[in-house]
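Letters go in sequence order (proteins before strands), and every chain restarts at 1.
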There are 2 protein chains.
Amino acid sequence: MHPPAPSDAIVRAWVRLERAHRAAQSTVEMRLKQANLPPLAWYDALLELERADPAGLRPFELQKEMLFAQYNLSRLVDRLEAAGHVLRSASEEDGRGQVLTITRSGRALRQRMWPVYAAAIEAAVGSHLSETDALTLGELLGRLYAKP
Amino acid sequence: MHPPAPSDAIVRAWVRLERAHRAAQSTVEMRLKQANLPPLAWYDALLELERADPAGLRPFELQKEMLFAQYNLSRLVDRLEAAGHVLRSASEEDGRGQVLTITRSGRALRQRMWPVYAAAIEAAVGSHLSETDALTLGELLGRLYAKP
DNA sequence: CTCATGTGTATGCATTTGCATTTATATACA
DNA sequence: TGTATATAAATGCAAATGCATACACATGAG
């Protein structure tokens, strides 16, 4: 067959990936909003930066980690910086580049977000799966974007 | 524990759900765009409407099927209607409501999209999983948004 | 060294999304 | 029946996203 045709099982997995993601994501975003907290993406970025501390991360590294589009990351960082959660400074090794580091306020925000986020994950995902299921699911999903 | 804490496996599954979805989705959207075709959401909507033919679907039914936000669906339908792929008509049973039906042109578009979409699904998902994996993955993901 | 090409990041503009609210009809119940 | 509440759908406005491009610096070839 010329255009490689995915099997029914593959199509079903893809459709459910969309649906499951939409359902879970909307639960999580809704709960964050209800708690007057910023969106999920802020948490993800802050977490990566906290892990990378104190060296910080280059925007393109963060971008690859988060699988974000370049212009989206650039603007996400704009907002984080404007809110005082991230510091942008010029890279010393690369004249084009920057280094991002998390600020004290960024750390604090991430910590405040966690309890709400955690409860949302539990509601959206945890409550539907056994421990074994979760391991299997994580493993299979990981294959969809592994680098090799 | 008061704020129900998700296990590590659950958190990992959630994070990978986000990442895998982002990766797959961007592949699919990119390929559609490269082929000068409209976004994924158009396909999904057209497919549901085609399945529901000839009775059509109420917007809120389509919305639930696709797990779309109400205002997003309303505007998606605006675009589909403006492009001539969908017909909006007043519901006879419910004075508030409408009935959506797919047009000939909508059908044709869905058909033109399928080969590109299929190849994209295969690339984004199929090429990473065995048949058995796909079945398992689909099953697990289905649990995340099942109604009961 | 110089030029062609590649990489890191930002940005103007159009489109889409999110939020809050509005409008209209339906339904339940006092 | 009349009124409160719920449901279907649209919409104005603000924010985020996508796209194409711009700009600055890096790197490699000759």
Side-chain angles (χ1 to χ4, degrees), chain A residues 18 21-23 25-45 49 56-83 86-101, chain B residues 18 21-23 25-45 49 56-83 86-101:
Chain A
E18 281 190 275
H21 178 261
R22 216 172 278 163
Q25 155 125 331
S26 75
T27 299
V28 170
E29 295 285 16
M30 195 215 301
R31 293 208 180 198
L32 287 171
K33 178 141 339 210
Q34 278 175 351
N36 261 299
L37 292 168
L40 195 45
W42 286 41
Y43 186 93
D44 280 6
L49 289 174
L57 279 181
R58 298 286 301 273
F60 77 95
E61 296 173 308
L62 185 52
Q63 174 197 328
K64 271 169 194 155
E65 199 55 53
M66 296 177 70
L67 299 180
F68 242 58
Q70 183 269 320
Y71 49 81
N72 273 342
L73 186 82
S74 173
R75 276 151 168 165
L76 173 59
V77 173
D78 285 351
R79 287 170 235 140
L80 286 167
E81 188 190 28
V86 159
L87 199 68
R88 257 176 171 142
S89 46
S91 164
E92 300 190 350
E93 301 138 12
D94 187 332
R96 298 163 297 183
Q98 318 187 326
V99 177
L100 307 175
T101 46
Chain B
E18 282 191 275
H21 177 261
R22 218 172 275 162
Q25 155 125 331
S26 75
T27 299
V28 170
E29 295 286 16
M30 195 214 302
R31 294 209 182 198
L32 287 171
K33 179 143 337 215
Q34 278 174 352
N36 261 299
L37 292 168
L40 195 45
W42 287 40
Y43 186 93
D44 280 5
L49 290 174
L57 279 182
R58 299 285 300 273
F60 77 93
E61 295 174 310
L62 185 51
Q63 173 196 328
K64 271 171 193 154
E65 199 56 51
M66 298 177 68
L67 299 180
F68 243 58
Q70 183 269 321
Y71 48 83
N72 273 342
L73 185 80
S74 173
R75 275 150 169 166
L76 174 59
V77 173
D78 285 351
R79 288 169 233 139
L80 286 167
E81 188 190 29
V86 158
L87 199 68
R88 257 175 171 143
S89 47
S91 164
E92 301 189 351
E93 302 139 11
D94 188 333
R96 297 163 299 183
Q98 317 187 325
V99 176
L100 308 175
T101 47

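- Closest to the side chain of A:Asp94, out of D:dA20, D:dA26, D:dA8, is D:dA26.
- Atom CG of B:Asn36 is separated from atom C1' of D:dC19 by 13 Å (rounded to the nearest Å).
- Screening B:Leu80, B:Thr101, B:Val99 against B:Leu87 for a side chain to side chain contact (heavy atoms under 4.5 Å, CB included) leaves a single residue, B:Thr101.
- Atom-to-atom, CG of A:Leu32 to P of C:dC19 comes out at 11 Å; the value is rounded to the nearest Å.
- Between B:Ser74 and the phosphate of D:dA9, there is no side-chain N or O to OP1/OP2 separation shorter than 4.0 Å.
- If you take OH of A:Tyr71 and C1' of D:dT21, they are 13 Å apart, rounded to a whole angstrom.
- How far CG of A:Leu37 is from CH2 of A:Trp42: 10.5 Å, rounded to the nearest 0.5 Å.
- Atom CG of A:Leu73 and atom P of C:dA10 are 9 Å apart (whole Å).
- Checked by distance alone, A:Gln70 brings a side-chain donor or acceptor within 3.5 Å of a matching partner on the base of C:dA10.
- For A:Arg96 against C:dT9, no side-chain N or O and base N or O form a donor-acceptor pair under 3.5 Å.
- In this structure, CZ of B:Phe60 is placed 13 Å from C1' of D:dA6, rounded to the nearest angstrom.
- Taking 4.0 angstrom as the limit, B:Lys33 places a side-chain polar atom (N or O) nearer than this to OP1 or OP2 of D:dC19.
- Judged by distance alone, with hydrogens and angles left aside, A:Arg88 brings no side-chain donor or acceptor close enough to the base of C:dG8 to form a pair under 3.5 Å.
- Phosphate contact (OP1/OP2 of C:dG8, side-chain N/O of A:Gln63, threshold under 4.0 Å): absent.
- Residues A:Leu32 and A:Leu40 share a closest heavy-atom pair of CD1-N, 3.6 Å.
- Contact annotation for A:Asp78: no contact, since no heavy-atom pair falls under 4.0 Å across all strands.
- Along DNA chain D, the nucleotide nearest A:Pro39 and the nucleotide nearest A:Glu93 are compared for position; the residue whose nucleotide lies closer to the 5' end is A:Pro39.
- Note: CZ (A:Phe68) to P (D:dG18) measures 8 Å, nearest angstrom.
- Taking only side-chain nitrogens and oxygens, A:Asn72 never comes nearer than 4.0 Å to OP1 or OP2 of D:dA16.
- Of the residues near DNA chain D, B:Arg75 and B:Arg58, the one whose nearest nucleotide (by heavy atom distance) lies more toward the 5' end is B:Arg58.
- Atoms CE (B:Met30) and C1' (D:dC19) sit 13 Å apart, rounded to a whole Å.
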side-chain contact (heavy atoms from CB on, under 4.5 Å) assessment of A:Arg22 paired with B:Phe68: CA-CA 8 Å; A:Arg22 216 172 278 163; B:Phe68 243 58; 3.2 Å; yes

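- Listed candidates were C:dG8, C:dA20, C:dT16. Nearest to the side chain of B:Arg79 is C:dT16.
- With rounding to whole Å, A:Gln25 atom CD is found 12 Å from C:dG18 atom C1'.
- The shortest non-hydrogen separation linking A:Ala41 to A:Met66 is O-CE, 3.7 Å.
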